[in-house]
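Working notes, beginning with the structure itself.
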Amino acid sequence: FLGRQWLIPAASPRTTCVRAAEVSLTIYDTAGRLLRRLDLGFRELAPTAEDRAIYWDGRTQSGEQVASGAYFYTLKTAGYVSTQKMIILK
């Protein structure tokens with residue numbers, strides 16, 4: 001067991017990018033401060049939402065565990081950007 005990981009839901013089928021691309025995920029606190037950037041590399045299109053899911057270990061760029069609360073994440077690929085709110089409960 002490598003510690004708790006947080007699931008970042010995959011984009012819904014109607015908003016998923018239409019081709020394989022470089023993918024990055026950036027996580028911010030509610031004040032807009034950058035907490036973590038995950039460069040996920042080149043990702044192929046996946047047939048299921050489970051295969052498109054991204055896992056985050058709940059840590060900042062410096063390795064600190066984040067507290068329970070609201071956060072925002074931005075998912076970026078070629079031609080697609082989406083920012084969503086998430087709640088972390090421990």
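Quick note: residue numbers are just sequence positions, from 1.
- Of all heavy-atom pairs spanning Ala21 and Thr77, the tightest one is CB-CB, 4.2 Å.
- Residues passing the side-chain hydrogen bond (donor to acceptor under 3.5 Å, both in side chains) test with Glu22: none are found, sequence neighbours excluded.
- Taken together through direct or relayed side-chain contacts under 4.5 Å among Ile, Leu, Val, Met, Phe, Trp and Tyr, Trp56 and Leu34 form parts of separate hydrophobic clusters.
- In this structure the side chain of Tyr73 never reaches within 4.5 angstrom of the side chain of Thr26, judged on heavy atoms.
- Inter-residue side-chain proximity for Tyr80 and Leu75 is flagged as met; some heavy-atom pair is nearer than 4.5 Å.
- Every side-chain hydrogen bond (donor to acceptor under 3.5 Å, both in side chains) that Ser62 has, sequence neighbours left out, goes to Thr60, Glu64.
- Pairs passing the salt bridge (charged side-chain N to carboxylate O under 4.0 Å, His left out) check and including a residue from residues 23-41, sequence neighbours excluded, read Asp29-Arg33, Arg36-Asp57, Arg37-Asp39.
- Residues Gln65 and Gly58 come closest through the heavy atom pair NE2-O, 3.1 Å.
- For Gln61, the side-chain hydrogen bond (donor to acceptor under 3.5 Å, both in side chains) test picks out no residue, with sequence neighbours left out.
- Here Thr74 pairs with Thr83 under the side-chain hydrogen bond (donor to acceptor under 3.5 Å, both in side chains) rule; sequence neighbours left out.
- Using a 4.5 Å heavy-atom threshold, the side chains of Phe72 and Met86 count as separate.
- Between the OG atom of Ser24 and the CG atom of Leu40 there is a distance of 7.0 Å, given to the nearest 0.5 Å.
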Side chain to side chain contact (heavy atoms under 4.5 Å, CB included) assessment of Leu35 paired with Tyr28 = CA-CA 5 Å; Leu35 296 179; Tyr28 302 92; 5.7 Å; no
